[in-house]
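Contents: one structure, followed by commentary.
Residue numbers start from 1 in every chain, and the chains themselves are labelled A, B, ... in the order their sequence lines are given, proteins ahead of strands. Predicted model only: the values in this text are computed from it and were never measured.
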Amino acid sequence: MSSSNILAGLNPQQLEAVTLPHESALILAGAGSGKTRVLTTRIAWLIQTGQISPHSLLAVTFTNKAAREMLIRISSMLPINTRGMWVGTFHGLCNRMLRAHHRDAGLPQTFQILDTQDQLALIKRLLKSLGVDDEKYPPRDLQYFISGKKEAGQRASAVEAYDEHSKRLLELYAEYDRQCNREGVVDFAELLLRCVELLSRNEILRSHYVRRFSYVLVDEFQDTNRLQYHWLKLLAGDRNAVLAVGDDDQSIYAFRGASTQNMFDFEREFARGRVIKLEQNYRSHGTILDAANALISHNDRRLGKELWTHAGAGEPLRVYDAPSDADEASYILQEVKSLRSEGMPLSGIALLYRSNAQSRVLEHALFNAGLAYRVYGGLRFFERQEIKHALAYLRLVANPEDDGAFLRVANLPARGIGARSLEQLQDIAREQGSSLWQAACANPPAGKAGQGVTAFIRLIEGLRQDCLGLSLPEMVELVIDRSGLKAYYQADRDGQDRIENLNELVNAAAGFDAGDTALIAAEDAAAAGEQDQNVPAGDPQLILLNSFLAHAALEAGEYQAADGAQALQLMTVHSAKGLEFDAVFISGLEEGLFPHENSLNQADGVEEERRLMYVALTRARRRLYLSHAQTRMLHGQTRYNIASRFLEEIPEPLIRRVNTRKASSWFDGHAGTAVKTVTAYAAPPPSSPWRVGQDVVHPKFGAGVIVSVQGRGLDARVMVNFRQAGMKELALEYAKLTAA
DNA sequence: ATTAGTGGTGTTTTT
DNA sequence: CACCACTAAT
């Protein structure tokens with residue numbers, strides 16, 4: 001195997017980046033310029049030429065998908081085992097470091113990770129127990145505040161407060177951290193902050209890692225926040241070569257603390273002028289790039305970069321001006337069908353939108369047409385309530401001090417532990433400064449509730465005992481079974497899906513490639529010179545369980561059931577970053593939606609939205625559709641939007657307006673659809689399809705007959721006499737009424 | 001203690 | 001419409 005193999009086909013700039021000497025540099029990599037290829041080839045080249053061993057590099061990405069992709073590509077180029085390599089997301093790698101050095105980091109070995117939901121729940125609980133007025137201090141705001149401070153690297157004690165309000169916020173922040181410590185849980189930002197503090201404080205550890213990672217590579221550098229930048233600096237020390245790859249024009253996470261300032265700082269502090277621009281695009285036709293370049297040129301404060309391609313100009317962008325969101329959807333549907341009949345695979349077509357709520361109309365149209373589609377984002381596997389419940393039991397097995405888990409399942413299924421007794425327990429716990437678990441063990445409430453609590457404690461202790469010696473999937477199965485969760489959902493009329501998901505969780509556990517996480521953790525610790533038996537003789541099983549729980553928190557998404565082979569791809573623009581498709585539809589290009597209204601009063605908000613649009617445009621290889629609707633149903637009411645400014649920022653010659661199609665009916669033959677479509681229109685339809693005496697069917701109430709109709713258009717109501725359920729008054733706008 | 005039903009409220013993007 | 005918090009009824 002010769003190195004020319006790997007390097008073949010790289011353009012001069014890519015080659016330069018791949019074969020850089022041992023020094024830091026910034027790679028400004030435009031969309032579709034072979035960024036990932038450069039990154040992985042560089043790693044392969046460094047290893048193949050014997051400059052480093054696979055273990056002495058650190059590669060950080062932003063998403064799990066990107067990390068996985070990188071490992072796959074590396075192992076396809078080199079015959080090496082990627083096991084144990086430090087390639088992963090910021091959060092994943094920090095988690096790994098904290099597991100290896102949990103003692104130095106001041107964390108229990110079994111510390112659990114709170115996802116955003118869990119964090120919010122904890123905050124609500126905290127505010128309640130402190131008697132804080134949550135009108136004045138909305139939990140969401142506090143959550144945002146805490147995360148923001150942590151991502152800026154600041155503890156509550158390190159921040160100065162000048163007014164009463166922020167003083168109180170800081171107190172609550174401090175109280176929140178105390179509670180997390182008591183429970184042995186960390187939120188996302190805490191993973192980073194803890195790790196940064198650990199490395200800052202512990203010089204021995206820091207120099208170990210600095211010596212180990214002589215090369216550090218960072219993907220999607222424009223998405224890093226200050227804390228992540230700080231972490232990188234600590235690991236870079238003053239001798240390591242850091243290669244940062246990013247594109248300031250694709251920075252779309254400023255709302256979460258990401259700052260392109262990091263790119264400027266990096267250039268000054270690390271790269272010192274060594275900047276390589278990758279501007280040749282291998283993805284899209286010329287017209288698409290022209291449009292993207294023109295659009296993004298409306299932004300100030302760019303590092304400067306322009307995409308070009310050897311590929312031909314290709315087709316113009318198609319712009320469709322729809323009367324309504326439903327019509328927009330049906331136009332898209334029609335075009336998708338025609339693309340498919342031309343032989344384009346469905347999986348190569350993407351429907352993009354700004355916010356998740358917009359997928360509904362599209363899904364509706366696709367579903368009725370019987371077209372296979374797959375929605376990314378939205379409700380993720382590990383975020384489903386039944387999965388959360390099962391995980392809560394598992395968390396209690398791993399760490400009974402986890403109050404969040406305790407509260408979630410203490411009375412699910414019902415054990416006679418009501419809100420009342422839980423409150424009492426919380427009071428006791430607060431007085432004693434203990435966990436709910438301890439409070440419950442020490443003072444089980446009297447009476448019937450006491451029996452429930454005792455039963456719950458016995459259940460968890462029993463599970464703990466019996467999990468020893470079981471494999472991970474066996475543990476999961478045992479917990480689901482014995483906790484009563486399974487029976488609970490079996491008894492539920494429509495709990496069938498939930499049971500299936502629980503079974504899927506067992507499969508996930510079986511397929512969880514923990515294989516060797518326990519071993520790796522031990523190796524990490526040993527390599528860093530942890531002499532004491534930090535990884536205790538005790539329970540490799542517990543460690544395994546912990547890795548699985550961490551995996552569930554850190555990789556909640558991307559674990560959707562069956563990647564459907566031939567399906568249309570629906571997703572937000574955010575989740576489309578990094579992907580490419582033959583044809584892309586960008587829908588909902590309306591003021592207020594895209595750019596989003598909330599962005600308008602934020603500093604640089606519109607610029608971020610424009611970058612988002614830039615990302616969307618550059619996903620397309622060959623064909624690009626842009627559409628907007630004059631009226632749209634949003635949050636239950638009709639809105640009238642004008643076309644997005646972004647449409648005007650694309651030069652007219654690159655566009656073809658395609659509003660020529662026949663005025664197709666809104667009634668797609670489906671009565672249920674008709675109601676929805678009609679209400680989406682500004683003007684009420686000529687006559688309502690509903691009349692007195694008509695036989696109808698309701699999904700919940702069954703068959704019935706309309707006895708009266710009130711009002712018309714948007715807020716029409718009908719009185720229906722159902723055979724089973726009797727008389728009901730229904731709002732046509734929402735009720736899924738079907739003509740019988 | 002538990003559940004069903006009501007009404008108010010809010011909704012960008014996600015590791 | 002979906003989610004929450006609260007209330008009334010069992």
Side-chain angles (χ1 to χ4, degrees), chain A residues 60-67 88-95 113-117 119-121 124 128 134-135 138-140 144 147 151 187-192 219-220 223-225 227-228 251-258 352-361 364 376-380 382-383 385 411-423 445 447-449 451-452 550-551 553-558 571-577 588 592-600 602 605 608-609 611-613 615-616 633-637 639 676 679 731 733-736:
Chain A
V60 201
T61 63
F62 200 65
T63 67
N64 296 297
K65 204 194 282 170
T89 63
F90 281 99
H91 294 89
L93 295 175
C94 284
N95 174 52
I113 300 168
L114 300 182
D115 66 17
T116 323
Q117 275 180 43
Q119 186 188 27
L120 187 64
K124 282 182 182 167
K128 198 170 230 171
D134 57 3
E135 300 270 287
R140 266 176 197 292
Y144 189 78
S147 299
E151 275 159 14
D187 59 51
F188 284 138
E190 182 73 20
L191 284 170
L192 266 298
D219 192 16
E220 306 280 16
D223 288 334
T224 54
N225 60 37
L227 189 55
Q228 288 159 338
S251 164
I252 55 175
Y253 287 104
F255 72 94
R256 224 171 63 192
L352 306 185
Y353 33 81
R354 173 67 238 265
S355 62
N356 276 311
Q358 288 167 250
S359 74
R360 183 179 298 274
V361 208
H364 187 82
Y376 290 74
L379 195 66
R380 295 185 245 221
F382 284 108
E383 289 171 359
Q385 63 149 336
N411 201 34
L412 200 131
R415 294 189 179 84
I417 311 174
R420 196 63 233 279
S421 15
L422 282 177
E423 259 168 50
K448 228 187 1 235
Q451 289 172 18
H551 166 83
L554 293 173
E555 217 158 333
E558 307 169 52
M571 66 191 82
T572 63
V573 181
H574 277 90
S575 40
K577 193 172 70 156
L593 213 65
F594 199 178
H596 196 276
E597 54 198 347
N598 293 359
S599 74
L600 298 180
Q602 284 166 23
E608 170 135 329
E609 295 286 306
R611 292 192 291 267
L612 199 51
M613 180 66 183
V615 168
M633 192 63 159
L634 206 63
H635 314 320
Q637 55 184 352
R639 300 182 19 152
K676 228 186 146 100
T679 57
E733 192 177 352
Y734 298 121
K736 294 192 185 95

**Study point:** H91(A) ring over dT15(B) six-membered base ring, under 5.5 Å and 30°
**Key:** no
Review point. Phosphate oxygens OP1/OP2 of dT12(B): is one of them under 4.0 Å from a side-chain N or O of N356(A)?
Key: no
Study note, to complete from the structure: DNA chain B nearest-nucleotide lookup for E608(A) and N411(A): closer to the 5′ end is N411(A)
Revision key, fill the gap. From CD of E383(A) across to C1' of dT14(B) the rounded distance in Å is 9 Å
Point to revise | From T224(A), N225(A), L191(A), T61(A), residue fulfilling side-chain contact (heavy atoms from CB on, under 4.5 Å) relative to F90(A) | key: T224(A)
Practice item. Name the closest nucleotide to the R360(A) side chain, picking from dT13(B), dT15(B), dC1(C). Key: dC1(C)
Study note, to complete from the structure: Taken to the nearest whole Å, OH/Y144(A) to P/dT11(B) is 13 Å
Review point. Quick check: does any side chain N or O of N411(A) sit under 3.5 Å from a backbone N or O of I417(A), one acting as donor and the other as acceptor?
Key: yes
**Study point:** Whole-Å distance separating the NZ atom of K124(A) from the C1' atom of dA5(C)
**Key:** 10 Å
Point to revise | Distance in angstrom units between L114(A) CG and dT14(B) P, rounded | key: 20 Å
Practice item. Let me know, please, whether A414(A) or S355(A) comes out on the 5' side of the other along DNA chain B by nearest nucleotide. Key: A414(A)
Practice item. Report yes if at least one side-chain N or O of R140(A) is closer than 4.0 Å to OP1 or OP2 of dT11(B); otherwise report no. Key: yes
Study note, to complete from the structure: Picking from dT15(B), dT12(B), dC1(C), the nucleotide nearest the side-chain atoms of F188(A) would be dT15(B)
Review point. Stacking between F255(A) and the base of dT12(B) (centre distance under 5.5 Å, interplanar angle under 30°)?
Key: no
Check your understanding: Within the modelled atom types, does a donor on one side and an acceptor on the other bring the side chain of R256(A) and the base of dT13(B) under 3.5 Å apart?
Key -> no
Point to revise | Separation of dC3(C) C1' from Q385(A) CD (nearest whole Å) | key: 12 Å
Practice item. Write down the distance between CG (N64(A)) and P (dT14(B)), rounded to a whole number of angstrom. Key: 14 Å
Practice item. May I ask you to evaluate whether S421(A) reaches the phosphate of dA1(B), defined as a side-chain N or O under 4.0 Å from OP1 or OP2? Key: yes
Exercise for review: Indicate whether OP1 or OP2 belonging to dT13(B) is found under 4.0 Å from a side-chain N or O atom of S599(A).
Suggested key: no
Point to revise | Rounded interatomic separation in angstrom, taking CD from E609(A) and C1' from dT12(B) | key: 8 Å
Practice item. Would you classify F90(A) as touching base, sugar-phosphate or nothing, given that sugar-phosphate means primed atoms plus P, OP1 and OP2, and contacts are heavy atoms under 4.0 Å? Key: nothing
Check your understanding: Checking E609(A) side chain against H596(A) main chain: does a donor-acceptor pair fall under 3.5 Å?
Key -> yes
Review point. For the side chain of H91(A) and the backbone of L554(A), is there at least one donor-acceptor N/O pair under 3.5 Å apart?
Key: no
Check your understanding: Do Q358(A) and S355(A) pass the side chain to side chain donor-acceptor pair (under 3.5 Å) test, and can you show the C-alpha distance, the side-chain angles, and the key distance before you say yes or no?
Key -> CA-CA 6 Å; Q358(A) 288 167 250; S355(A) 62; 3.2 Å; yes
Practice item. Round to a whole Å and report the spacing from CG of N598(A) to P of dT11(B). Key: 9 Å
**Study point:** Selected nucleotide, minimal atom distance to H574(A) side chain, candidates dC1(C), dT15(B), dT13(B)
**Key:** dT13(B)
Practice item. Start with the C-alpha distance between K577(A) and D223(A), add both sets of side-chain angles, then the distance that settles salt bridge (charged side-chain N to carboxylate O under 4.0 Å, His left out), and finish with yes or no. Key: CA-CA 12 Å; K577(A) 193 172 70 156; D223(A) 288 334; 2.3 Å; yes
Exercise for review: Would you indicate, yes or no, if dT15(B) has its OP1 or OP2 atom less than 4.0 angstrom from a side-chain nitrogen or oxygen of R380(A)?
Suggested key: yes
